[in-house]
Amino acid sequence: MTTIHRVWVTRAEPGAGRTAGRLQLLGFEPVIAPLLAIRPIPQAAPDLTGITTLAFTSANGLAAFAALTPDRTRPVFTVGDATAAAARAAGFDRVQSAGGDLDRLAALLLAQGPGIGPLLVPGAREPAGDLPALLRDRIEARALPVYEAVGTGATPPATFDAVLIHSARAARALAALGPFAGQTAIALSEAAAAPLADRVDLAIRLALTPDETALLTTLGNPPRRV
């Protein structure tokens, strides 16, 4: 197995910088070249009349929503711990994390019962998954687009050993590039890896669980410095 040292970080800022910092602490050399950029969708403060609960599927959605309204009174459910931490940092004090992926978030919400709705799901204009659809006929929920992910047109670094894929959207952008020379692509989930399924010029690895700690663990150990 090829030793991994230089790691291409493709996620959008500000997440890319945080991931690069974690890579450095682990002994890897990060190369930041985001394939996506996050743009908030300009709009008025959302009307939260009748909304009892908020659900966030990403920290990007949380940040964009929090910038639109000072209201922090409703309970929040998040897809994972990083988004939960972002919610608390933004001033929400009743926060529960599903600790995983969209299916786990849906299961957590369903366990609360139908009284948890109406539920608002602020997120991407083109979300990777449809949380309201997973809750349909059981919990009243609607999506609110608050940001969009757009391609940056970035090109691959001159040299890299592995590339991190945090989302299917980033994988689609990567799939449009290449050819590559057999480097390793490490994906957060099966959904994130799916757009790369036909690429024979990349070795695909999946994180054991859909969180960044597992993603970075999948890199293995960096080379020892002598």
For Val9, the option from Leu35, Val163, Leu23, Val31 that meets side-chain contact (heavy atoms from CB on, under 4.5 Å): Leu23
ILVMFWY cluster, Leu120 and Leu131 together (side-chain gap under 4.5 Å): no
Is a side-chain donor or acceptor of Asp161 paired with a backbone partner of Ile4 at a separation under 3.5 angstrom? no
Could you check whether any side-chain heavy atom of Leu110 comes within less than 4.5 Å of a side-chain heavy atom of Leu135, counting everything from C-beta outward? yes
Flag the pair Ser167 / Arg11 as yes when at least one side-chain heavy-atom distance between them is below 4.5 Å, and no otherwise. no
I need the minimum non-hydrogen distance between Pro114 and Ile139, along with the two atoms involved. CA-CG1, 4.1 Å
How long is the gap from CZ on Arg125 to CG on Leu144, to the nearest 0.5 Å? 11.0 Å
Examine distances only and state if a side-chain atom of Arg39 and a backbone atom of Val150 form a donor-acceptor pair shorter than 3.5 Å. no
What one should report as the nearest heavy-atom pair of Ala87 and Val76 is CB-CG1, 4.2 Å
Hydrophobic cluster membership, Val95 vs Phe77, 4.5 Å side-chain cutoff: no
Under 4.5 Å between side-chain heavy atoms, counting indirect links through other Ile/Leu/Val/Met/Phe/Trp/Tyr residues: same cluster for Leu119 and Phe56 or not? no
Take Leu216 and Leu164 through the side-chain contact (heavy atoms from CB on, under 4.5 Å) test and state the conclusion after the steps. CA-CA 8 Å; Leu216 300 186; Leu164 299 180; 3.7 Å; yes
Value rounded to 0.5 Å, distance of CG in Leu54 from CZ in Phe65: 4.5 Å
Nearest atoms (heavy-atom pairs only) where Leu68 meets Ala44: CD2-O, 4.5 Å
Minimum heavy-atom distance between Asp81 and Ser97, given as atom pair plus value: OD1-OG, 2.7 Å
So, taking the atom named CD1 in Ile116 and the one named CZ in Arg138, what distance separates them when rounded to the nearest 0.5 Å? 13.5 Å
For atom CZ of Arg136, decide whether the heavy atoms of other residues, nucleotides or ligands shown that lie under 6.0 angstrom number more than 12. no
Which is it for Thr217 and Leu208 under the side-chain contact (heavy atoms from CB on, under 4.5 Å) test, yes or no, and what are the steps along the way? CA-CA 9 Å; Thr217 298; Leu208 289 178; over 6 Å; no
Quick check for you: to the nearest 0.5 Å, what is the distance between Thr209 atom OG1 and Arg104 atom CZ? 7.0 Å
Would you call the rings of Phe160 and Trp8 parallel, tilted or perpendicular, where under 30° means parallel and over 60° means perpendicular? perpendicular
If two hydrophobic side chains count as joined below 4.5 Å and joins carry through other members, does Val79 share a cluster with Leu134? yes
Between the side chain of Thr53 and the main-chain N/O of Gly117, is any donor-acceptor distance below 3.5 Å? no
Co-membership, hydrophobic cluster, residues Ile204 and Phe180, 4.5 Å side-chain: yes
Look only at the side chain of Arg74 and the backbone of Ile51, and say whether a donor-acceptor pair between them is shorter than 3.5 Å. yes
Heavy-atom donor-acceptor pair, Arg205 side chain to Thr218 backbone, under 3.5 Å: yes
Heavy-atom side-chain proximity of Val7 to Ile186 below 4.5 angstrom: no
Distance col, row Leu174:CG vs Leu36:CG, nearest 0.5 angstrom, shows 10.5 Å
Step by step, would you call Thr73 with Leu48 a side-chain contact (heavy atoms from CB on, under 4.5 Å)? CA-CA 11 Å; Thr73 60; Leu48 301 179; over 6 Å; no
Which heavy atom in Ile38 sits nearest to a heavy atom in Ala12, and how many Å separate them? CG1-CB, 3.6 Å
Counting distance only, does the side-chain N/O of Thr152 pair as donor-acceptor with the main-chain N or O of Pro34 below 3.5 Å? yes
Check: Thr69 main-chain N/O paired with Arg72 side-chain donor or acceptor under 3.5 Å: yes
Which value, rounded to the nearest 0.5 Å, describes the distance between Glu29 atom CD and Thr159 atom OG1? 7.5 Å
Shortest non-hydrogen contact from Ala141 to Pro132? O-CB, 3.9 Å
If you define the side chain from C-beta out and look only at heavy atoms, does anything of Glu13 sit under 4.5 Å from Ile32? yes
Ignoring hydrogens and geometry, is there a side-chain-to-backbone donor-acceptor pair from Gln43 to Pro145 under 3.5 Å? yes
Take Arg88 and Asp93, measure what side-chain contact (heavy atoms from CB on, under 4.5 Å) needs, and give me the verdict at the end. CA-CA 6 Å; Arg88 295 186 184 97; Asp93 57 7; over 6 Å; no
Are Pro127 and Thr57 close enough that some pair of their side-chain heavy atoms sits under 4.5 Å apart? no
